Amino acid sequence: VGRDQPTFIIAEACDNHMGDLAVAKEMALQAKLAGADAVKYQHHLPDEEMLPDAPMSDNFAEPLYEFLLKHALKLSDHAELMAYCTSIGITYMCTPFSYKAAQELAGLSGGIDVFKIGSGEMTDIPSLVKISKLGKPMILSTGMCTLDEVDETVAALRAAGAKFALMNCVSEYPPVYSDLNLRVIGQLLERYPDLVIGHSDHTPDLYTCYAAVALGARIIEKHIILDKKTPGPDQSVSIDM
């Protein structure tokens with residue numbers, strides 16, 4: 001992964017597997033067959049990342065806390081998925097939503113190669129610095145952040161000696177096309193000339209990804225689902241496989 005390398009494609013499985021390990025494996029296989037470089041999952045420890053009475057999201061038919069208790073993958077599932085991804089030749093990636101989740105992933109046999117950090121944790125600098133001490137590179141999404149906030153996180157991670165990349169991101173699910181503002185990619189490239197810049201896309205098609213690559217994105221993250229007719233928390237922002 002680098003500014004002078006081909007764009008690295010991440011297929012974001014999110015929780016569209018609904019906790020079914022067989023479905024999660026099939027998502028990895030279909031991502032591999034589609035040409036993705038990596039498939040990414042999420043590791044949730046609900047009590048570490050939210051209050052039980054967290055406000056409802058329009059993405060879910062029930063409180064997120066309850067949804068994650070029912071449908072989030074277990075650590076043993078991640079271990080099996082990591083081994084499966086290795087066996088079929090696709091990079092396993094995962095987003096920890098807390099420092100404890102990152103510790104658990106780092107402790108898996110074989111070890112995780114890279115952490116993907118979601119936009120919600122971009123300004124949680126104490127946790128990010130601790131995660132960086134686990135010795136793995138990070139890819140951080142910047143949705144909802146001001147450039148000053150991005151500057152602050154970048155400075156803290158540089159001071160910690162972390163290896164990381166940044167993802168342009170609009171935190172709308174799905175976004176209004178007029179809100180995408182893809183020229184931010186160019187601003188990030190100029191502002192952080194030593195960093196790889198990518199784009200995390202939440203549109204239900206591929207056109208924005210093509211434009212992002214043309215503007216210099218060298219990592220693309222795209223939500224996936226096996227079948228758009230099946231339920232999933234991110235179904236509306238996912239492409240089918």
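Model, not experiment: these values are computed from the prediction. We use all heavy atoms of the structure for the numbers below, so side chains are in, but hydrogens, waters and symmetry mates are not.
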Residue that, paired with T7, satisfies side chain to side chain contact (heavy atoms under 4.5 Å, CB included) out of V1, V213, D37, I219
V213

Grouping I, L, V, M, F, W and Y whenever their side-chain heavy atoms are under 4.5 Å apart, do V150 and L182 come out in a common cluster?
yes

Examine distances only and state if a side-chain atom of T142 and a backbone atom of M167 form a donor-acceptor pair shorter than 3.5 Å.
yes

Are M144 and I197 grouped together when hydrophobic residues (ILVMFWY) are joined by side-chain heavy atoms under 4.5 angstrom apart?
no

Is a salt bridge present between D151 and R191, judged by a nitrogen-to-oxygen distance below 4.0 Å?
yes

I112 versus H78: any side-chain heavy-atom pair under 4.5 Å?
no

Give a yes-or-no answer on whether the side chains of T203 and D201 include a donor-acceptor pair shorter than 3.5 Å.
yes

Hey, does the side chain of H202 reach the backbone of S171 with a donor-acceptor pair shorter than 3.5 angstrom?
no

Answer yes or no: is there a side-chain heavy-atom contact under 4.5 Å between R3 and L189?
yes

Side chain to side chain contact (heavy atoms under 4.5 Å, CB included), that's the test. Do Y92 and Y41 meet it? Break it down for me.
CA-CA 8 Å; Y92 163 92; Y41 302 93; 3.7 Å; yes

Heavy-atom check, side chain of L215 versus side chain of H199, under 4.5 Å
no

Are any of the side-chain heavy atoms of K25 and I88 separated by less than 4.5 Å?
no

Around atom CD of E152, are there more than 12 heavy atoms from other residues, nucleotides or ligands closer than 6.0 Å?
no

Determine whether more than 12 heavy atoms belonging to other residues, nucleotides or ligands lie under 6.0 Å from atom NZ of K100.
no

Distance-only check: which donor-acceptor pairs under 3.5 Å involve side-chain atoms of residues 8-24, not counting sequence neighbours?
from	atom 1	to	atom 2	distance (Å)
E12	OE1	C14	N	2.8
E12	OE1	K40	NZ	3.2
E12	OE2	K40	NZ	2.6
E12	OE2	Q42	NE2	3.4
D15	OD2	H44	NE2	3.2
N16	OD1	D234	N	3.1
N16	ND2	I224	O	2.9
N16	ND2	S238	OG	3.0
H17	ND1	G19	N	2.9
H17	NE2	C14	O	3.0
D20	OD1	A22	N	2.9
D20	OD1	V23	N	3.3

Which residues share a side-chain hydrogen bond (donor to acceptor under 3.5 Å, both in side chains) with Q235, sequence neighbours left out:
none

Take atom NZ in K74; do more than 12 heavy atoms of anything else shown fall under 6.0 Å from it?
yes

Indicate the ring-plane relationship of Y210 and Y207, choosing parallel, tilted or perpendicular according to the 30° and 60° boundaries.
perpendicular

Is there side-chain contact between L75 and H43, with at least one heavy-atom pair below 4.5 Å?
yes

Looking at L105, I139, D113, which one forms a side chain to side chain contact (heavy atoms under 4.5 Å, CB included) with M93?
I139

